[in-house]
Every structure is written in structure tokens, then in C-alpha cells.
Amino acid sequence: MPGCGIARQWFENQGQGGGPEAPVTVARAVAEWLAARGVERVYGLCGGHVLPIWDEAARLGIRVVDVRHEGAAIHMAHAEAELTDRPGVAVVTAGPGLTNAVTGIANAAASRVPVVVISGRVPRPQAGMGGLQDIAQAAVVAPLCRRVEAVSERAHVLPRLDAVWDATLGSASGGDGPAGPAYIDFPTDLLRETFAGAELDRSWLEARPPERVRPDPAAVEAAAALLRSARRLVVISGRGARRAGPALSRFLDSTGALYLDTAESRGAVDPGHPGAVPAVRGRVMREADTVVTLERRLDFQLAYGSRAVFGAEARFLRIGLAREERADTRRGDAELRADTGLALEALLAAGCVPDRADGRWRDEIVADNAARARRLDAALLGAEPGSDGRLHPYTLIAALNDVITADSVVVADGGDILSFARVALRAPTWLDPGPLGCLGVGTPFAVAAALAGGGRPVFALIGDGSFGFTALEVDTAVRTGARAVFVVANNEGWNIERHDQLANYGGRLVGVELPGCRYDLLARSLGAHGERVESASDLPDALKRAVEHAPALVDVAVTRDAVSPDFAGGLAGVPDRQALSAWDDAERNRLGGSA
Ligand SMILES: Cc1ncc(C[n+]2csc(CCOP(=O)(O)OP(=O)(O)O)c2C)c(N)n1
């Protein structure tokens with residue numbers, strides 16, 4: 001039986017009214033299925049096409065978190081999935097309800113996060129006749145979803161829900177792709193129909209826990225041999241590593257490997273681990289001779305595994321279940337198709353400690369990392385205000401670091417401010433716009449983290465532009481009691497794009513200014529605590545008050561002069577072959593000719 005309270009309550013209630021003998025509508029069965037799968041919360045926005053499910057879910061004690069835009073509902077389900085390691089669920093209405101949700105669905109797809117999206121559909125007798133909100137919903141989401149089901153028969157309801165649940169988990173439940181969103185809809189007339197007698201097969205309610213995939217012993221031996229011969233070993237972790245934290249720490253301890261986390265796995269390993277060297281990422285990528293990737297795509301953030309950025313002769317061990325996470329842009333010299341934790345345990349058992357590790361190199365890298373970390377600390381403390389007199393983003397980040405606790409969930413969203421945050425913000429658990437660069441996730445991620453994060457403190461640092469996309473979710477926070485602290489880094493513009501125009505478009509500024517908005521006043525109008533801060537000395541107390549009175553928003557005037565690492569690295573300029581200018585140059589050199 002699923003472990004959660006609602007599921008238990010649901011199973012206990014069987015046979016006490018609402019049980020198998022009572023007539024059950026399709027909407028009721030959908031809600032029962034949700035409860036049986038342990039779903040405690042669904043995120044969504046009401047609409048007649050889905051109200052039958054909405055109503056039955058609430059009657060069964062599932063919390064309906066009602067939002068202000070369907071895109072935010074998907075972002076919230078996404079954040080819940082990341083924090084709980086279970087699929088998040090969103091319920092959105094037909095037509096524009098679903099099209100509004102599309103950005104969130106695309107984001108979950110790019111981030112490989114399991115989200116089940118449930119929608120309604122025009123009643124079958126009106127299909128294709130110009131009915132209200134009748135569009136080709138399944139076709140709209142098909143390219144983004146791991147599975148799409150448009151259900152039309154009562155008997156298909158539970159089996160198709162089960163299939164969608166499995167599909168969203170990807171390879172972890174026996175499929176052949178990564179985790180991601182999956183979609184199912186029901187015409188409203190079907191939702192109102194009642195199951196006839198034996199038609200309702202409740203065996204589908206129970207989730208079958210996926211089998212953990214063990215690595216092939218011969219492949220383990222080949223991978224262990226590769227590791228034994230490593231001299232300069234690094235591990236780069238991805239999505240699934242959060243699930244394998246203890247095994248990963250043991251692996252790092254035993255092998256002496258250096259460790260680079262990525263945004264999708266931050267928190268898997270204690271940031272103070274002696275092998276963790278986040279400040280010298282570029283150097284480690286260049287100099288390592290053996291690279292282990294854990295459920296991590298070699299995407300733009302990892303230079304597509306390029307031989308111009310990583311060592312040309314470096315050997316890769318790729319560990320993951322889905323092909324995308326094992327064999328994408330650079331072939332592994334060894335590959336393990338397995339659950340990450342089991343693969344690491346098997347490697348340790350097979351004896352994978354390097355025979356002739358280059359200890360001097362490791363010591364040098366660790367020292368270099370420590371020196372850079374000290375320089376960064378000094379930069380945070382010594383950051384000067386801009387020529388406009390407003391705070392440097394590092395001053396804001398330093399003040400935030402003082403209130404963020406070791407059990408906090410930290411969300412970052414924006415352009416420049418995200419870049420500063422990525423290098424300097426203390427973040428035990430971290431959520432950000434991911435590889436889609438999906439601005440607007442900040443507020444909804446934080447709301448869901450406050451609701452589903454088990455009472456952990458939640459801080460969101462958000463650019464003023466990014467905040468605007470989903471600002472009204474502060475109202476959702478107030479209504480639902482989501483005690484998040486939203487900090488808006490207000491530089492009155494889309495600043496990283498503004499820098500791009502200044503540097504690369506002759507200084508012609510077009511559509512990058514956002515002057516005069518007071519997000520603290522907006523938050524206050526919605527019933528949240530709100531404060532505006534313009535001087536560094538006011539920040540610490542304002543942040544403390546925000547923690548006390550959450551949900552709260554602190555609007556901080558930050559300078560637009562500061563140049564972020566991402567802008568300096570060329571990310572905003574979108575180079576042709578690689579995401580960063582230096583990598584792009586290296587790639588061109590490697591390719592030669594007219595590249
Ligand atoms: C939905 C979406 N629209 C547009 C962009 C392009 N974009 C990337 S960064 C950025 C500026 C972000 O501004 P803000 O959130 O204020 O942060 P700042 O750069 O000012 O710190 C924009 C518009 C995007 N990534 N996502």
C-alpha cells in the first residue's frame with residue numbers, strides 16, 4: 001500500500017460507503033486513482049471541463065492548490081516532483097487551460113522531471129462541431145510528453161492513467177526514455193458517466209514500484225577497469241544523483257574522485273565534501289583524464305562533451321538508464337545501463353579505486369578551488385554599489401546567505417541575478433529555470449516548495465523581469481499559506497539582455513527597460529508582507545522580518561552595472577557552436593577551416 005496518509009485513508013474507507021458497490025463515476029475513479037497513488041496535492045485552475053475531477057479529488061481529501069495561471073500549476077507540480085522524488089500532478093481545463101500549461105510542460109520535458117497533466121475535453125457529442133474550448137489538445141502536447149492519452153471509454157480510464165504514470169517516470173519504470181511530463185484527458189461527458197458493475201477494475205489503482213535496474217556484471221568489470229587506470233578522475237552528477245547521495249559520497253570517498261555537481265543534482269552530496277570543487281569547473285573539465293557522468297546529459301552546460309573543452313583523450317564512463325543520459329553527444333568508453341546507486345555500489349564491489357591516481361593534481365585542484373572560494377567570499381563582502389547608487393547583487397546574496405539555513409530550499413530565477421546566484425548563493429537544495437532557461441518558474445517553484453517541502457524554509461531570489469511572468473502566484477501563496485520568502489532583485493530591466501544590447505548592438509536599447517515597478521506594494525496588495533530595501537544596512541533586518549512574516553516579498557534595488565559571469569562568458573550572446581564564447585572559440589579551433 002502506498003505510504004501516504006491520503007492513500008491509507010482511501011484504502012481504509014473502502015467498503016464504508018463510496019466502496020466498490022456504490023455507483024462510481026469516471027471522475028470519482030480518477031480521484032480514487034490519485035489517492036491510491038499517494039497524491040496529496042494537485043495544482044490547477046478550475047474550469048467546467050475538469051470540475052468533476054476537481055470536485056471528487058477535494059472530496060477525497062486531496063488538496064487542490066488553485067493557482068492564477070495554468071503554467072504556474074505545472075511549474076508547481078514540477079517543483080513538488082523534484083523535492084519529493086514522486087510525480088507531481090496538475091489538473092488544467094480544456095483549450096486555453098492546456099495551452100497556458102504548455103510552457104510548464106516544455107520545461108518539465110527539458111528538465112526530465114515527472115509531471116502528470118490531467119485535462120478535460122469537449123463532450124464527445126460536440127467534438128469537431130465548434131464546441132467550447134475544442135482544440136487538438138493531444139497534438140499540442142504530443143512533442144513534449146512521454147505519453148499522451150485521449151481517453152474515450154470508461155474501461156480505458158484506469159489502465160491509461162496507469163500507463164501515463166509509468167511513462168512520466170521514464171526508464172525508471174521500464175520505459176526507454178528519460179522521466180518527463182505525460183498527459184491524459186477525458187471528455188467531460190465521460191467524466192460524468194457511471195461505471196457499470198464489473199467494468200471498474202480496481203487492480204489498476206495500485207502502483208507497481210519499479211524494479212531497480214542492476215548493471216550487467218561484464219559491463220561493470222569493463223567500467224571498473226577503466227576507473228582503475230584513471231589518473232585524474234572526476235564525477236559529474238545529473239538528475240538521478242539526488243536519489244543516490246549516500247552511494248555517491250561513498251564512491252567519492254573510496255576513489256578519491258573530484259566532484260562537480262550540476263543544478264539538477266545540487267544537494268546530492270554535502271557541499272563541504274573534500275572532493276567538491278565547484279569553483280574550478282572549467283579547469284577540471286579540461287584536465288581530467290577520466291570523466292564519470294551520472295544520469296547527466298552532456299548538454300550545452302557541459303559543452304556537449306566536446307573534445308575541445310574536455311580533454312581530447314579523456315575517457316568517459318556514462319552511467320544512466322535512459323539513452324539520453326548515457327549516450328548523447330559523446331560516446332562513453334564504457335557505459336552502464338543501470339540505476340545510479342546500484343551501479344556505484346557494483347563498481348565499488350568490483351574494485352574500482354585508481355591504481356596510480358595523480359594525487360598532486362588533485363591537491364592542486366582542491367587548493368585552487370579553496371583559493372577561488374575565498375576570493376568569491378571577499379568579492380561578496382567587498383562588492384561596491386553601482387554608479388546608480390544601487391546595491392551590487394553580491395551584497396544582496398551575502399545578506400541572503402546569512403538567513404538561508406542548512407535545510408532550506410533555494411530557488412533562483414532570472415538572467416544576471418540567476419548567474420550571480422549560481423556561483424555565490426548558499427543553496428543546500430536548489431531549483432532554477434533549467435536547460436530550457438524558463439523564466440517565470442521562481443514564484444511557483446517557491447510556492448510548491450513551501451507546500452510540499454516538509455516545512456523546510458524556502459527562499460526565492462528572482463529578477464524583476466522574471467518575477468512579472470508569474471507575480472500573481474504571490475496571491476496563491478497567501479491563500480494557501482505557502483510560507484515562502486520572495487526576494488526580487490529589482491534592476492528595473494531585463495538586464496542581461498540590456499547588457500547584450502549595450503555590448504553587441506551598438507548600445508541601441510530596445511524593449512529592455514522596466515522602470516518604476518514596486519513589487520513590494522504589489523505583494524502587499526495581495527495580502528503578503530512586503531518591504532522595499534534600498535540600502536545594504538537595511539537588508540539583514542528586512543530579510544529577518546520577511547522570514548518571520550512569510551509569505552513575504554522583499555523588493556531590493558540592485559544595480560544594473562554589475563556584469564554577471566554568464567554575460568561575461570558569452571551565454572547571452574548565443575554563440576554558434578557552443579554556449580560560451582571561450583568554448584565556442586575552442587570548438588572552432590578544433591574544427592579548423594571555415595568553422
Ligand atoms: C520565458 C522567457 N522569455 C524570455 C527569455 C530571454 N531572457 C533570458 S534572461 C532575460 C532577462 C531576465 O531579466 P530579469 O529576470 O529581470 O533578470 P536580470 O537579468 O535583470 O537579473 C530574458 C528576457 C527567457 N529565457 N525566458
Side-chain angles (χ1 to χ4, degrees), residues 69-72 74-75 78 99-111 144 263 299-301 383 386 388 390-397 400 411-425 431-446 460-471 473-474 486-505 509-520 522 553-575 579-580:
H69 187 284
E70 288 86 351
I74 312 292
H75 292 326
H78 174 145
T99 54
N100 275 351
V102 166
T103 299
I105 296 173
N107 191 40
S111 293
L144 302 170
D299 63 10
F300 71 95
Q301 294 165 334
D388 46 12
R390 296 159 80 109
L391 304 189
H392 193 287
Y394 277 158
T395 306
L396 167 56
I397 288 172
L400 261 172
V411 179
D413 186 12
D416 279 334
I417 195 64
L418 170 65
S419 171
F420 286 117
R422 204 183 279 126
V423 295
L425 190 62
L431 302 174
D432 76 6
L436 195 66
C438 189
L439 301 187
V441 296
T443 306
F445 274 7
L461 177 57
I462 309 172
D464 53 329
S466 298
F467 179 68
F469 287 108
T470 44
E473 300 311 327
V474 172
F486 309 98
V487 178
V488 176
N490 190 348
N491 52 26
E492 305 203 352
W494 304 97
N495 208 41
I496 198 168
E497 305 296 345
R498 189 181 145 274
H499 275 297
D500 196 20
Q501 293 185 354
L502 288 173
N504 302 318
Y505 294 86
L509 296 181
V510 183
V512 289
E513 302 287 356
L514 296 169
C517 298
R518 285 285 301 269
Y519 302 103
D520 56 321
L522 175 67
L553 185 147
V554 186
D555 178 332
V556 183
V558 298
T559 184
R560 27 176 57 196
D561 294 350
V563 175
S564 68
D566 277 353
F567 181 72
L571 188 73
V574 194
L580 301 181

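Counting convention: from 1, in listed order, for ligands and their atoms alike.
Scanning all protein heavy atoms for the shortest distance to atom 15 (O) of ligand 1 gives Ser466 OG, 2.6 Å. Looking from atom 25 (N) of ligand 1 to the surrounding protein, the closest heavy atom is Gly437 O, 2.8 Å. Among protein heavy atoms, the minimum distance from atom 10 (C) of ligand 1 is reached at Leu439 CD1, 3.5 Å. Protein heavy atom in closest approach to atom 3 (N) of ligand 1: Phe469 CZ, 3.8 Å. Counting protein heavy atoms only, atom 11 (C) of ligand 1 is closest to Trp494 CE3, 3.7 Å. Given atom 8 (C) of ligand 1, the protein heavy atom at minimum distance is Glu497 OE2, 3.2 Å. What sits closest to atom 9 (S) of ligand 1 on the protein, heavy atoms only, is Ile496 CG2, 3.4 Å. What sits closest to atom 14 (P) of ligand 1 on the protein, heavy atoms only, is Gly465 N, 3.7 Å.
Leu436 places none of its side-chain heavy atoms less than 4.5 Å from the side chain of Ser111. By the 4.5 Å heavy-atom criterion applied to side chains, Thr559 and Asn491 are not counted as neighbours.
Put simply, no part of Gly440 is less than 4.0 Å from ligand 1, judged by heavy atoms.
Leu461 contributes atom CG, which lies 5.5 Å from atom CG of Leu396 (distance to the nearest 0.5 angstrom). A distance of 5.5 Å separates CG in Asp566 from CD1 in Ile496, rounded to the nearest 0.5 Å. For the atom pair CD (Glu473) and CZ (Phe467), the distance works out to 10.0 Å, reported to the nearest 0.5 Å. For the atom pair His69 NE2 and Ile74 CD1, the distance stands at 10.5 Å (nearest 0.5 Å). Atom CD of Glu70 is separated from atom OG1 of Thr99 by 8.0 Å, given to the nearest 0.5 angstrom.
Ring pair His392/Phe420: centre-to-centre distance below 6.0 Å.
At a 3.5 angstrom cut-off on N or O pairs, Gly415 counts as close to ligand 1. Residue-to-ligand polar distances place Gly493 within reach of ligand 1: an N/O pair is separated by less than 3.5 Å. For ligand 1, the polar-atom distance check against Gly414 finds no nitrogen or oxygen pair separated by under 3.5 Å.
Across Ile417, Asn107, Asp464, heavy-atom proximity to atom 21 (O) of ligand 1 is greatest for Ile417.
In this structure a side-chain-to-backbone donor-acceptor pair under 3.5 Å is missing from Arg390 to Arg560. Checking side-chain atoms of Asp464 against main-chain N and O of Gly493 turns up a donor-acceptor pair under 3.5 Å.
The side chain of Asn491, and not its backbone, has at least one atom closer than 4.0 Å to an atom of ligand 1 (non-hydrogen atoms only; side chain from C-beta on).
Near Asp416, with a cut-off below 4.0 Å to any heavy atom, the atoms of ligand 1 are 18 (P), 19 (O), 21 (O). Atom numbering of ligand 1 starts at 1 in the shown order; those under 4.0 Å from a heavy atom of Gly463 are 14 (P), 15 (O), 16 (O), 17 (O).
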